[in-house]
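To find a chain, count down the sequence lines: A is the first, B the second, and so on, and within it residues start at 1.
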Amino acid sequence: MARVRRRGRVVSAVLAAALGASLAGCSSTGGLRAEQERAAKAAGGKAAVNTPRWTFAMVTHSGDGDTFWDIVQNGAQQAAVKDNIKFVYGHDKEAQRQSQLVQSYIDQKVDGLIVSLAKPNAMKDVVAKAEKAGIPVITVNSGAEESKAFGALSHIGQDETVAGEAVGEELNKRGRKKALCILHEQGNVGHEQRCDGAEKTFKGDLQKLYVEGTNMPDVQSSIESKLQSDSSIDAVVTLGAPFAPTAVKAKEQAGSKAEIDTFDLNAQVATGLKDGTLGFAVDQQPYLQGYEAVDLLWLYKYNSDVLGGGKPVLTGPQVITKKDAAALEDYTKRGTR
Amino acid sequence: MSHTDAAPLGPAGPPVKSNGDERLLHRSLGRRLMGRPELGSVVGAAAVFVFFSIVAEPFLRASSLSTVLYASSTIGIMAVPVALLMIGGEFDLSAGVMVVSSALISSMFSYQMTANTWVGVGVSLLVTLAIGAFNGLLLTRTKLPSFIITLGTFFMLTGLNLGFTKLISGTVSTKTIADMEGFESARTLFASHLTLGSVDIQVTILWWIVLVAVATWILLRTRVGNWIFAVGGNADAARAVGVPVAKTKIGLYMGVAFAAWVSGQHLLFSYDAIQSGDGVGNEFLYIIAAAVGGCLMTGGFGSAIGAAVGAFIFGMASKGIVYAQWNPDWYKFFLGAMLLLATLLNAWVRKRAEEKA
């Protein structure tokens with residue numbers, strides 16, 4: 001009994017110590033307080049129209065905890081608020097389970113569907129089923145080629161090859177000779193297209209490097225070793241924003257002079273562009289993909305409008321450099337860029 | 001330096017035993033070396049090292065070696081307690097995700113409370129140790145296999161990481177805490193690097209060496225070490241002679257949690273924003289490192305130094321492939337083949353050693 005009581009006392013002492021330390025050890029810089037001060041001017045969302053409350057579902061091939069798709073979702077949600085839409089979201093990186101999700105939304109008789117076609121063949125049947133059930137479909141992000149053939153209204157996204165080409169041209173403009181393209185997911189078609197696009201327009205030599213995207217120290221040491229083994233590399237292009245700051249660390253460790261550039265944007269990348277540790281970022285504006293998809297579905301339901309005339313509506317590439325970074329910093333922090 | 005002779009308990013007790021046994025008196029140094037669990041992996045490591053020294057010209061540079069050591073240390077820090085746990089006869093599939101949980105806890109606590117980052121680091125230590133204790137307690141109370149228990153923890157932590165991060169920060173990665181008080185000093189402890197001549201030594205390498213030394217001392221020189229071998233060799237026999245089996249296993253899981261905390265803080269202070277989906281799959285790297293280093297999958301046999309050598313083999317293989325500039329399409333294949341070869345060589349050397357001894 002005495003032992004139990006003592007253990008209880010130890011636990012409460014530890015808890016008290018932790019609480020006390022957290023009260024005493026406040027940080028006068030950064031943290032939530034700083035963010036709340038910044039966000040004081042935030043606007044509340046209200047529907048701008050009085051159309052019926054339709055339900056739109058979005059089903060993507062995103063894995064758990066993907067920064068990019070989080071921003072797409074933010075865009076979709078904001079458009080949904082404005083258009084008086086009930087927005088539901090499902091995702092699965094396995095094509096088969098993704099198509100099952102779409103089927104379950106068809107069963108629920110939603111009023112509109114937004115799907116990504118990362119693995120088009122697996123989605124073909126289920127998209128056809130949606131058409132048959134009278135549910136309009138808009139494709140986003142991937143599947144620009146298949147979208148029309150499958151019977152979708154429009155496709156909203158970036159052509160990965162075109163985005164890659166933009167990188168190659170920007171590298172030429174900056175006088176780079178030898179570039180490294182960092183793929184953080186082996187076997188991802190979009191990643192290959194980006195690097196291939198860059199290779200097509202880049203006048204210098206471009207090499208690919210595969211890294212383990214879920215293991216940051218591995219990403220760093222792999223880039224580090226590549227830079228050490230070839231000191232003539234003068235540009236490193238990462239395919240996702242979280243990998244750019246890691247590439248910067250790798251470059252410093254390896255003592256390389258290479259410029260670090262990246263696809264996509266986040267708060268760290270915006271800061272990096274501003275202070276010059278990063279050269280440029282190519283953004284496909286994921287917020288726009290979510291926002292436009294919901295808005296175009298609403299326009300179709302309300303007014304039978306269709307955008308793009310069967311051609312994909314491109315949301316990128318937008319090349320962002322130091323001069324744009326300051327303006328974008330706040331937007332990245334609130335998760336819309 | 002107390003010696004409790006645990007030799008009769010397990011099929012393979014610690015090879016360095018008390019001096020009272022006459023059968024061991026005439027063993028030469030060479031013979032004793034042959035009986036060490038890490039011998040095979042040392043030979044494997046030498047083979048991998050020589051191989052990459054030949055095929056990859058930049059591999060032998062001092063700067064390259066420090067990169068390889070860094071890559072090895074990030075796996076090695078976790079491989080040490082995972083090896084101890086394997087010697088104790090258990091697995092931990094939640095180890096990879098626990099590293100990320102630990103980083104997330106400390107980052108989000110500091111951020112949300114606007115607290116000094118050290119407070120977050122402290123809270124994270126407590127919570128991470130609690131997760132380890134949870135694994136151990138559940139295992140010893142329910143008697144379910146560790147595979148099931150820690151698989152459950154693995155999924156729960158994966159979900160909690162994502163769920164809490166989205167709930168609290170509204171996005172899937174944490175906000176940067178680099179501008180907060182205490183960040184610089186914490187970075188010095190967990191993610192700094194010192195320059196020795198032309199070589200850059202990452203602080204994780206030091207953490208790794210210290211952990212290996214401590215674990216080796218525990219295994220070979222303390223009573224707890226004997227307990228670990230005993231519970232892994234034969235838990236029932238160990239219990240019969242008074243070894244606290246449950247306590248030992250809970251302690252081993254808390255050891256894994258402690259190392260996960262160290263690795264997690266390294267992640268946090270090295271990259272200052274943490275992706276909530278990271279870490280999945282890394283648990284296998286730790287187990288591979290321990291297994292390549294001579295820890296038996298069935299428990300009762302192995303060493304911390306072996307696990308360190310295993311991590312080093314993994315670091316050399318994964319970076320050597322980059323230095324050798326091989327076609328990246330085959331990267332994973334090379335990595336797998338390399339690890340398989342190292343393990344086979346390891347097993348072959350050990351078998352020969354056992355025959356001779």
I'd like to check A:Asn215 versus B:Leu285 (side-chain heavy atoms, cut-off strictly below 4.5 Å). Are they in contact? yes
Under 4.5 Å heavy-atom distance to chain A, tell me which part of B:Thr204 shows up: side chain, backbone, both or neither. neither
Contacting moiety of B:Ser110, where chain A heavy atoms sit under 4.5 Å: neither
Select one option (side chain, backbone, both, neither) describing which atoms of B:Ile321 are under 4.5 Å from chain A's heavy atoms. neither
Of all the heavy-atom pairs spanning A:Thr214 and B:Gly277, show the shortest one and how long it is. CG2-O, 4.5 Å
Excluding sequence neighbours, so at least two apart, what forms salt bridge (Lys or Arg N to Asp or Glu O under 4.0 Å) with A:Asp230? A:Lys178
For the residue pair A:Gln253 and B:Thr67, establish whether any side-chain heavy-atom pair is separated by less than 4.5 Å. no
Taking atom types as modelled, find out whether A:Glu212 and B:Asn282 have a side-chain donor-acceptor pair closer than 3.5 angstrom. no
Out of A:Ala267, A:Ser229, A:Pro242, return the one with the most heavy atom pairs under 4.5 angstrom to chain B. A:Ser229
With heavy-atom distances below 4.5 Å as the criterion, would you say the side chains of A:Gln220 and B:Gln202 are in contact? yes
Contacting moiety of A:Asp70, where chain B heavy atoms sit under 4.5 Å: side chain
Got a donor-acceptor contact below 3.5 angstrom from the A:Gln228 side chain to the B:Ser63 backbone? yes
Assess whether atom NZ of A:Lys274 is packed by more than 12 heavy atoms of other residues, nucleotides or ligands within 6.0 Å. no
Are A:Pro217 and B:Leu267 packed together at the side-chain level, in the sense that at least one heavy-atom pair is separated by less than 4.5 angstrom? yes
For the candidates A:Lys249, A:Arg334, A:Lys226, which exhibits the highest count of non-hydrogen atom pairs separated by less than 4.5 Å from chain B? A:Lys249
Just so I understand: if I count every heavy-atom pair under 4.5 Å between each of B:His266, B:His193, B:Glu57 and chain A, which residue has the most? B:His193
B:Lys175 vs A:Lys333 side-chain heavy atoms within contact, under 4.5 Å: no
Looking only at B:Met180, B:Gln275, B:Arg61, the option with the highest number of non-hydrogen pairs under 4.5 Å against chain A is B:Met180
Side chain proximity check, B:Val322 to A:Glu224, heavy atoms < 4.5 angstrom: no
Does a sphere of radius 6.0 Å around CZ in B:Phe164 hold more than 12 heavy atoms from other residues, nucleotides or ligands, not counting ones at 6.0 Å or beyond? no
Hits for side chain to side chain contact (heavy atoms under 4.5 Å, CB included) against B:Ser107, two or more places apart or cross-chain, chain-then-number order -> B:Thr174, B:Ile177, B:Leu268
So OG of A:Ser225 and OH of B:Tyr70: to nearest 0.5 Å the spacing works out to 12.0 Å
Under 4.5 Å from any heavy atom of chain A, what part of B:Tyr271 do you find: side chain, backbone, both or neither? both
